[in-house]
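Take a look at the structure set out below.
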Amino acid sequence: MAPPRSFLWTRRVFLTLLTGFVLVPVYVMLSSSLKPLADVTGTFRWLPSELTIRPYIDIWSTVPLGRYFVNSLIVAGAATVCSVVIAVFAAYAVSRYSFRGKRVFTVTVLSTQMFPGILFLLPLFLIYVNIGNATGIALFGSRGGLILTYLTFSLPFSIWMLIGYFDSVPRDLDEAALVDGCGPLGALFRVVVPAAVPGIVAVAVYAFMTAWGEVLFASVMTNDTTRTLAVGLQGYSTLNDVYWNQIMAASLVVSVPVVAGFLLLQRYLVAGLTAGAVK
């Protein structure tokens, strides 16, 4: 049965407005990144009077954007790998085995998502400083400390999501692998993990995006050497001026890895989110 024409027109209008709501800010960023600074700080024009790629060249010299880019890649990549590896083992254990405290563990993992991240900022800061004073291990102001910080709020969600996804994988696959001579780890890596690729990809994308764009912890837990992109973009604002065209250009550049990764993995991401959301 075909839907009524009123519904079709309402859907078209709504989707058109939604598309404009999403694309207009992107157009403003793109057009501003191709303007001289004088045009950006003046009256806004939808059609630039002059186009230049100079802001895309200057962004690398105004601030050490390349170093910030490398720091973000290392921190986000390491946090993603650690989150996925730990979450796979933890979720498989919870999904396939019964043990004392299993319910308490799952409830505790889920309950950590109720608290805002700022509540953990001061405790983590004090812990890192005290560990550094007692052992000499520099967690505060280091990439390793920032990676551990990101694991505190990406890992619980990753574990919970993979538990739901592993529960949707039939246990008969594990039993068949055990009959064929695989051990528990063999069944996990040869049977369950290949079947759970969409869920694992969804967890990896979530962990990477969380670490890539995080500002609060990165602004406190880093220094000039380990600063990430999300914080480093503040360097385009000085006491005398704000380089708006370079900020727009840098924002578009740092968005490329996340957008490209999402476009490449979107089919796995959608499948993983939908399959892991129900049991």
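Everything numeric in this text was worked out from a predicted model, so none of it was measured.
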| task | Return the minimal non-hydrogen interatomic distance between M221 and T149, and the atom names on each side. | result | CG-OG1, 4.4 Å
| Could you give the distance from CD1 (I74) to OG1 (T228), rounded to the nearest 0.5 Å? | 12.0 Å
| query | Any sub-3.5 Å donor-acceptor pair from S142's side-chain atoms to L139's backbone N or O? | reply | yes
| query | Looking only at atom types and distance, does a side-chain atom of Y236 sit under 3.5 Å from a main-chain N or O of N245, one as donor and one as acceptor? | reply | no
| Verdict with reasoning, M29 to L252, per side chain to side chain contact (heavy atoms under 4.5 Å, CB included) | CA-CA 8 Å; M29 290 179 60; L252 291 173; 3.9 Å; yes
| request: Answer yes or no: is there a donor N or O on one side and an acceptor on the other, between the side chain of E214 and the main chain of A218, under 3.5 Å? | output: yes
| Under 3.5 Å donor-acceptor, T108 side chain and V104 backbone | yes
| message | For a quick test of reading the model, state the closest non-hydrogen atom pair linking I131 to T135 and the distance between them. | response | O-OG1, 2.6 Å
| said: Please give me the minimum heavy-atom distance between I200 and L162, naming the atom from each residue. | reply: N-CD2, 4.0 Å
| Between the side chains of S154 and Y206, does any donor sit under 3.5 Å from an acceptor? | no
| query | Hey, are R227 and N71 close enough side-chain-wise for a donor-acceptor pair under 3.5 Å? | reply | no
| query | Shortest non-hydrogen contact from M248 to S32? | reply | CG-CB, 3.7 Å
| Backbone N or O of Y97 within a donor-acceptor pair of the K102 side chain at under 3.5 Å? | yes
| task | Classify the angle between the aromatic ring planes of Y150 and F153 as parallel (below 30°), tilted (30 to 60°) or perpendicular (above 60°). | result | perpendicular
| Short side-chain to backbone donor-acceptor contact, S83 and A207, under 3.5 Å | no
| task | Could you list the residues that satisfy side-chain contact (heavy atoms from CB on, under 4.5 Å) with N223, not counting sequence neighbours? | result | T225, T226
| query | With a cut-off of 6.0 Å (strictly less than), are more than 12 heavy atoms of other residues, nucleotides or ligands near CD1 of I53? | reply | no
| said: Counting neighbours of CZ on R171 that are heavy atoms of other residues, nucleotides or ligands and sit closer than 6.0 Å, is the number greater than 12? | reply: yes
| task | Would you please indicate if the ring centroids of F189 and F89 are separated by under 6.0 Å? | result | yes
| message | Donor-acceptor check, side chain of S168 to backbone of Y165, threshold 3.5 angstrom: yes or no? | response | yes
| said: Distance check, rounded to the nearest 0.5 Å: L229 atom CG versus Q234 atom CD? | reply: 12.0 Å
| Between W212 (side chain) and S255 (backbone), is there a donor-acceptor pair under 3.5 Å? | no
| query | Can you tell me if R67 uses its side chain to pair, donor with acceptor, with the backbone of D224 under 3.5 Å? | reply | yes
| task | Check whether more than 12 heavy atoms from other residues, nucleotides or ligands sit under 6.0 Å from atom CZ of F14, and answer yes or no. | result | no
| request: Can you establish whether the number of heavy atoms outside R103 located under 6.0 Å from its atom CZ is more than 12? | output: no
| Heavy-atom closest contact (A204 atom, T80 atom, distance) | O-CG2, 3.5 Å
| remark: To the nearest 0.5 Å, atom CD1 of I127 lies from atom CZ of F140 at 13.5 Å
| query | What are the two closest heavy atoms between T106 and W160, and how far apart are they? | reply | O-CZ3, 3.7 Å
| query | Going hydrophobic residue to hydrophobic residue with side-chain gaps under 4.5 angstrom, can you get from F21 over to W46? | reply | no
| query | Considering only heavy atoms from C-beta outward, does the side chain of V203 approach that of V88 to under 4.5 Å? | reply | no
| task | Answer yes if V129 and L216 sit in the same cluster of Ile, Leu, Val, Met, Phe, Trp and Tyr residues linked by side chain heavy atoms under 4.5 Å apart, and no otherwise. | result | yes
| query | Crowded around L15 CG? As in, over 12 foreign heavy atoms under 6.0 Å? | reply | yes
